[in-house]
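Please read the structure below before turning to the comments.
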Amino acid sequence: MLEIKFVRQNKPKVQKALLMRGETVDIETFLNYDDERRAVLLEIEELRRRRNLVSQQIASMKKDGDDTDALVIEMREVSNKIKDLDKSLSETEEKIYKILMELPNIPHESVPIGKDSSENPVVKQFGKQPEFEFTPAPHWTLGENLGILDFDRASKIAGARFPLYLGAGARLERALINFMLDVQTKEHGYKEVLPPFIVNRKSMTGTGQLPKFEEDLFKLEGWDYFMIPTAEVPVTNIHQGEILNEDILPIKYVAYTPCFRSEAGSYGKDTRGLIRQHQFNKVELVKFSKPESSYDELEKLLNNAESILQRLKLPYQVISLCTGDLGFSAAKTYDIEVWMPSQDVYREISSCSNFESFQARRADIRFRRKGKKGTELVHTLNGSGLAVGRTFAAILENYQQADGTISIPEVLQPYMDCSSITKET
RNA sequence: GGAGAGAUGGCCGAGCUGGCUGAAGGCGCUCGCCUGCUAAGCGAGUGUGGGGUGAAAACUCCACCGAGGGUUCGAAUCCCUCUCUCUCCGCCA
């Protein structure tokens, strides 16, 4: 959410930002509602002031035994007037709120301008793409042949787009989760949290999934509860409505959670394999930062996420999302894309964003500076560190051998108790 | 599922027979003072949001005592609905 005052005072800037995002929102109408709101507010406040004054007068007159009937009658009318105006005010505010909640964040000045994902520049690359003396198989073929993935049975249990890991596959998934958590907690100073996987409407609104993107979520029948699409939601909302102490910033959390997404509108895309599932595992990094250091924190967060791929020796590249491809709540986003040999393409495996005060304003997360009065909104950031299912897929594909077995990256071997996955493991 | 108790400022905690209570007191924090009796004492200050005037400092107004309604000239205080927390019973793990 943007601040209404900011929109009022920076109309050209907001309009330009929306245009660069390819959004069409009528700021003019919005600001007219705001004018209307303030005009009515002024009137209401004047009436309230008068009522407050006279009410006190009535109190003291009663104490003296004076007759107050005339004043009481007059105030009865004033109160009715206030009630009417209040109603019209809340109607106007409703309209303003609706627009405000669906207004996306302003991109940071360093975000490249572009219309869609085809214009996202690559900002760095790491690792060498493996060369195979055979045609590399896709991970679903490898996984099914080894008996560690079973999509047929998964669809029997739940349906399309659900994973079933078996044996060494289940162990590899768990090894990855533990490895990622260990690196982030032991080496990068993140605090591990294990949050609820179901959240209420307020939390979803706080991080920006609602009200605009309800169709992307799984909602619980008969409850105003939603399955989390990412740990970002419960973890960012840990500090919802709080005023934080300056000296505990930045706060760094890492959380493993399953994630649930309806994937509405993605029919026909990535129909095979682990890339696009209704349920997948993710280790998420979340930060709360002071405004002046949030972009430094974004770079560090990105590096922390990258370090997982570096240790797994998986080739990847980092792209900076351009204005037209930026997510609703983000001011700036880097995507990390891992090399997928079977498709000869880099696939998104992490998304690291700075939301600045956009989420903090919605979720009401502030901090207080020492020796200064008043509070300020914190900046929130998050990034995958990493999407586990996609990491699993990348390992299968990049580490596949001619005989269809998978060698295990060295750093994972202590977690796996083996150095390769064969049919026998 | 049944019975009861509660929700007040950064925190703790009064007020709840309606009217100088935006809210006592304490803690914390900030600034200043003092200091031979040392994690002390003294003094002052210290909520949030919104509006108006102003270049700004500032001044001023309105709202906020879990949320939303109601009663009333006037509500933290009375009534209703909802949410959450706690205790006891039942049930399940």
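What you are looking at is a predicted structure, and each value in this text was computed from that prediction instead of being measured. Letters go in sequence order (proteins before strands), and every chain restarts at 1.
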| query | Nearest-Å distance, CZ (A:Arg366) to P (B:G9)? | reply | 12 Å
| task | Would you indicate, yes or no, if B:G18 has its OP1 or OP2 atom less than 4.0 angstrom from a side-chain nitrogen or oxygen of A:Lys62? | result | no
| request: Quickly work out the A:Arg51 CZ to B:C61 P distance and round it to whole Å. | output: 17 Å
| task | Could you state the atom-to-atom distance from CD of A:Glu246 to P of B:U46 in whole Å? | result | 21 Å
| query | Closest to the A:Arg368 side chain: B:C62, B:C73, B:G10? | reply | B:G10
| query | Which one, B:G51, B:G10, B:G19, comes nearest to the side chain of A:Arg8? | reply | B:G51
| field | Nearest-angstrom distance, P atom, B:A57 to B:G68 | value | 31 Å
| query | Which distance, rounded to the nearest 0.5 Å, do you find between the OG of A:Ser350 and the CD1 of A:Ile308? | reply | 10.0 Å
| query | Whole-Å distance between B:G51 P and A:Arg48 CZ? | reply | 15 Å
| query | To the nearest Å, how far apart are A:Met61 CE and B:G74 P? | reply | 16 Å
| Reckon A:Thr375 touches a base, only the sugar-phosphate, or nothing at all at heavy-atom distances under 4.0 Å? | sugar-phosphate
| task | May I ask you to say what A:Leu42 touches in the nucleic acid, namely base, sugar-phosphate or nothing, with a heavy-atom cut-off under 4.0 Å? | result | sugar-phosphate
| Rounded distance (Å) that lies between atom C1' of B:C61 and atom CG of A:Leu47 | 13 Å
| Under 4.0 angstrom between A:Asn52 side-chain N/O and B:C62 OP1 or OP2 | yes
| message | Which is more 5' along RNA chain B, the nucleotide nearest A:Ala59 or the one nearest A:Tyr225? Just name the residue. | response | A:Ala59
| said: Measuring only the C1' atom in each nucleotide, how far is B:G15 from B:G6? A whole number of Å is fine. | reply: 16 Å
| remark: In this structure, OG1 of A:Thr205 is separated from CD of A:Glu214 (nearest 0.5 Å) by 9.0 Å
| Are A:Glu23 and A:Lys212 ion-paired here, with the side-chain N under 4.0 Å from a carboxylate O? | yes
| message | Is there, by distance only and without an angle test, a donor paired with an acceptor across the side chain of A:Glu45 and the base of B:G52 below 3.5 Å? | response | no
| Between atom NZ in A:Lys202 and atom C1' in B:G66, what is the gap in whole Å? | 10 Å
| message | Test of understanding: with salt bridge (Lys or Arg N to Asp or Glu O under 4.0 Å), list the residues that count as partners of A:Asp224, not counting sequence neighbours. | response | A:Arg201, A:Lys219
| query | Nearest-Å distance, CG (A:Asp247) to C1' (B:G28)? | reply | 13 Å
| Should A:Arg38 be listed as having a side-chain N or O under 4.0 Å from OP1 or OP2 of B:G52? | yes
| request: Between B:A67 and B:A7, how far apart are the P atoms? Round to whole Å, please. | output: 13 Å
| A:Arg76 vs B:C73: side-chain N/O to OP1/OP2 distance below 4.0 Å | yes
| query | CD of A:Gln9: more than 12 outside heavy atoms within 6.0 angstrom? | reply | yes
| field | Secondary-structure stems, RNA chain B, at least 3 Watson-Crick or G-U base pairs under 3.5 Å | value | B:1-7 with B:83-89, B:10-12 with B:25-27, B:28-33 with B:41-46, B:47-53 with B:58-64, B:66-70 with B:78-82
| said: Do the side chains of A:Asp152 and A:Lys156 get close enough for a salt bridge, i.e. N-O under 4.0 angstrom? | reply: no
| Mind checking the C1' distance from B:A24 to B:C82? Whole angstroms is fine. | 31 Å
| query | Are A:Arg37 and B:G51 close enough that a side-chain N or O sits under 4.0 Å from OP1 or OP2? | reply | yes
| task | For A:Glu94, look at atom CD and say whether over 12 heavy atoms of other residues, nucleotides or ligands are found less than 6.0 Å away. | result | no
| said: Holding to side chain to side chain contact (heavy atoms under 4.5 Å, CB included), I want the full list of residues that pass it with A:Ile238, two or more places apart in sequence or in another chain. | reply: A:Val193, A:Val235, A:Tyr253
| Salt-bridge contact A:Glu410-A:Arg311 (side-chain N to carboxylate O under 4.0 Å) | no
| task | Please determine, for the side chain of A:Ile243, which listed nucleotide (B:G50, B:G10, B:C62) has the closest atom? | result | B:G10
| Hey, which of these two, A:Ser79 or A:Ile44, hits RNA chain B nearer its 5' end, going by closest nucleotide? | A:Ile44
